[in-house]
Amino acid sequence: TSLSIIAVIYFSVIGYLTFSQTKSWKDSISIYTSSLENHKAPIMYCNLGEAHFKAGKINEALADFTEAIKIKPRFPNAFKNRAITYQNLNDWKNAASDYTSALSYTPNDHSLYLFRANCYKTMEDYENAVKDYTHVIGINSSIDAYYGRGETYGRWNKLVESINDFSKVIQIKPDYDAAYNNRGIAYSMAGKFTEAINDFNKAIQLNPKFWNAVYNRSNAYKSAGDLQKALDDALLARRNGYPVPDEYLNALQPKSAPVN
C-alpha cells in the first residue's frame, strides 16, 4: 500500500457480482421501495440505502440515508452509512462530519474514531487524524490504528513516530509486507538508507511481486549512491508493469543509452 488513502467499504465485502446476488439486491430494492409507499419509516430508508449501495447506486443510497436522517435526526447508523457513502464519493469532509454526528449519539463505538481518522488523514488534517488513531490505540491497541497513524506521521514528516508505529505493526504481525514497505519509506525519508533497503528486502521476501517495494528499493539504492542496483531494480519493476517514470530511468542510464 502507498501512503495515500482510499475509501473503505464497511457494509460487507463486495466482490464480483453473481447473478443471484444481483437478483437479491434488486428484490430488496423493490421490497423496501414498496414498503415505503405505505410507511415512511427511517429504518426502511436506511435498508433501502444499503441495498442501493450494494447494487452500486451510490447517489440513490446517499439520498436514502439523507431521508432517514431527516425523519429521525438521532439515527447513528444512518449517519455512519451516509459517511461510508460519502467516502465512496471521495467527499471526505462530509464523511468526517457524519462520523462526528454518529459519535455524538454512540460515543462508545470506537470504530467510528478509526473511520473518521482515515478521513482526516486523507484530508491532510494530520493533527486530528493522530488524535483519533491514538484514541483507538488507547482502547484496544488496534493494528489498523497503528498502521494508519504510522502513515499519518509519515505524511506529516514526523519520521521517528512513523517508524515507531510501523515497528509496532510489525511486532504484532511480523509477516505484514506493506508495513515493512512503509517503514522503509520512512527510513529513506530520514536518510537511513541501509535500514530502508533492509525493510524493502523483507517486504519483497514476503511478497516477491511487490513491485512498489522494488521501486522504493531502487530509490533507496540511488540515494545511497549505488546506481547500478538502483537501475536493476527500476528496470525489474518496469518489466513487471510498475509505472517507473522515463525521467527516473534516464537519470540512472549511461548518457548514451536513453530509455525508449
Side-chain angles (χ1 to χ4, degrees), residues 1-6 8 117-118 120-124 126-127 129-130 133-134 137 142-260:
T1 60
S2 65
L3 294 181
S4 63
I5 205 115
I6 50 138
V8 182
N118 291 334
Y120 285 142
K121 178 181 63 179
T122 306
M123 293 162 61
E124 301 183 357
Y126 300 137
E127 183 174 358
V130 165
Y133 286 128
T134 301
I137 289 168
S142 163
I143 189 172
D144 291 331
Y146 276 116
Y147 192 97
R149 193 173 70 175
E151 286 186 315
T152 303
Y153 277 136
R155 295 183 187 186
W156 204 2
N157 206 34
K158 293 181 178 288
L159 301 177
V160 172
E161 293 88 343
S162 179
I163 289 166
N164 288 341
D165 274 348
F166 286 122
S167 295
K168 184 65 176 181
V169 172
I170 290 165
Q171 179 184 338
I172 298 170
K173 186 175 172 59
D175 60 349
Y176 200 163
D177 56 348
Y180 283 103
N181 186 48
N182 276 349
R183 190 174 70 174
I185 292 170
Y187 274 133
S188 286
M189 292 172 66
K192 297 184 176 183
F193 303 117
T194 299
E195 292 88 341
I197 290 166
N198 288 338
D199 270 356
F200 295 135
N201 286 341
K202 184 63 176 180
I204 295 162
Q205 177 188 340
L206 291 167
N207 179 1
K209 295 183 179 181
F210 199 165
W211 306 119
N212 176 252
V214 172
Y215 178 62
N216 289 336
R217 187 174 65 181
S218 172
N219 277 278
Y221 278 133
K222 179 175 180 290
S223 296
D226 194 335
L227 299 186
Q228 184 58 55
K229 287 185 177 179
L231 177 60
D232 291 343
D233 270 351
L235 291 172
L236 175 61
R238 171 174 274 200
R239 282 197 301 271
N240 286 279
Y242 192 82
V244 179
D246 287 345
E247 295 80 1
Y248 179 78
L249 278 170
N250 284 331
L252 299 174
Q253 290 272 14
K255 297 299 182 182
S256 59
V259 176
N260 295 323

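Given the structure is predicted, the values throughout are model-derived calculations rather than measurements.
- Between P245 and R238 the shortest heavy-atom distance is C-NH2, 4.0 Å.
- Annotation: the span from L235 atom CG to Y242 atom OH amounts to 15.0 Å, rounded to 0.5 Å.
- A side-chain donor from one of Y133 and N118 sits under 3.5 Å from a side-chain acceptor of the other.
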Verdict with supporting geometry, Y120 and Y126, ring pair (Phe, Tyr, Trp, His ring centres under 6.0 Å):
CA-CA 7 Å; Y120 285 142; Y126 300 137; over 10 Å; no

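- In this structure, CD in E195 is found 9.5 Å from OG in S188, a value given to the nearest 0.5 Å.
- For the pair F210 and N181, the minimum side-chain heavy-atom distance is below 4.5 Å.
- Between V160 and I163 there is no side-chain heavy-atom pair separated by less than 4.5 Å.
- The CG atom of N164 sits 11.0 Å away from atom CD of Q171, with the distance rounded to the nearest 0.5 Å.
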Decide yes or no on side chain to side chain contact (heavy atoms under 4.5 Å, CB included) for I143 and Y176, but give the supporting numbers first. CA-CA 11 Å; I143 189 172; Y176 200 163; 4.1 Å; yes

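- Between the side chain of S162 and the backbone N or O of K158 there is no donor-acceptor pair closer than 3.5 Å.
- Checked against the 6.0 Å centroid threshold, Y180 and F200 do not count as a close aromatic pair.
- Judged as a ring-ring contact (aromatic ring centres under 6.0 Å, His included), and not counting sequence neighbours, the contacts of Y248 are Y215.
- For the residue pair P174 and L206, the shortest heavy atom distance occurs at O-CD1, 4.2 Å.
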- Message: One pair to check against side chain to side chain contact (heavy atoms under 4.5 Å, CB included): N157 and L159. What are the steps and the verdict?
- Response: CA-CA 5 Å; N157 206 34; L159 301 177; 3.8 Å; yes

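- Residues in residues 201-217 take part in these salt bridge (Lys or Arg N to Asp or Glu O under 4.0 Å) pairs, two or more places apart or across chains: R217-D233.
- Contact record, N240 with L236: ND2-O, 2.9 Å, taken as the closest heavy-atom pair.
- Residue K192 holds its NZ atom at 11.0 Å from CZ of R183, rounded to the nearest 0.5 Å.
- Between A179 and I170, the shortest heavy-atom distance links the atoms CB-CG1, 3.8 Å.
- With a 4.5 Å cut-off on side-chain heavy atoms, W156 and E124 do not count as touching.
- Of the possible polar contacts, one joining the N216 side chain to the N212 backbone as a donor-acceptor pair under 3.5 Å is found.
- Annotation: the span from D165 atom CG to T134 atom OG1 amounts to 8.0 Å, rounded to 0.5 Å.
- In this structure, OG on S167 lies 11.0 Å from CD1 on I172, to the nearest 0.5 angstrom.
- Proximity of M189 to I185: side-chain heavy atoms (C-beta onward) are separated by under 4.5 Å at one or more points.
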Practice prompt. Under the side chain to side chain contact (heavy atoms under 4.5 Å, CB included) rule, what do F193 and Y187 come out as? Steps first, then yes or no, please.
Written response: CA-CA 7 Å; F193 303 117; Y187 274 133; over 6 Å; no

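- Looking at Q228 and D232, their side chains do bring a donor and an acceptor atom within 3.5 Å of each other.
- In terms of heavy atoms, A237 sits closest to V244 at CB-CG2, 3.9 Å.
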| Hey, mind stepping through L231 and L227 against side chain to side chain contact (heavy atoms under 4.5 Å, CB included) and telling me if it holds? | CA-CA 6 Å; L231 177 60; L227 299 186; over 6 Å; no

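- The minimum heavy-atom distance between T152 and A129, with the atom names listed, is CG2-CB, 4.0 Å.
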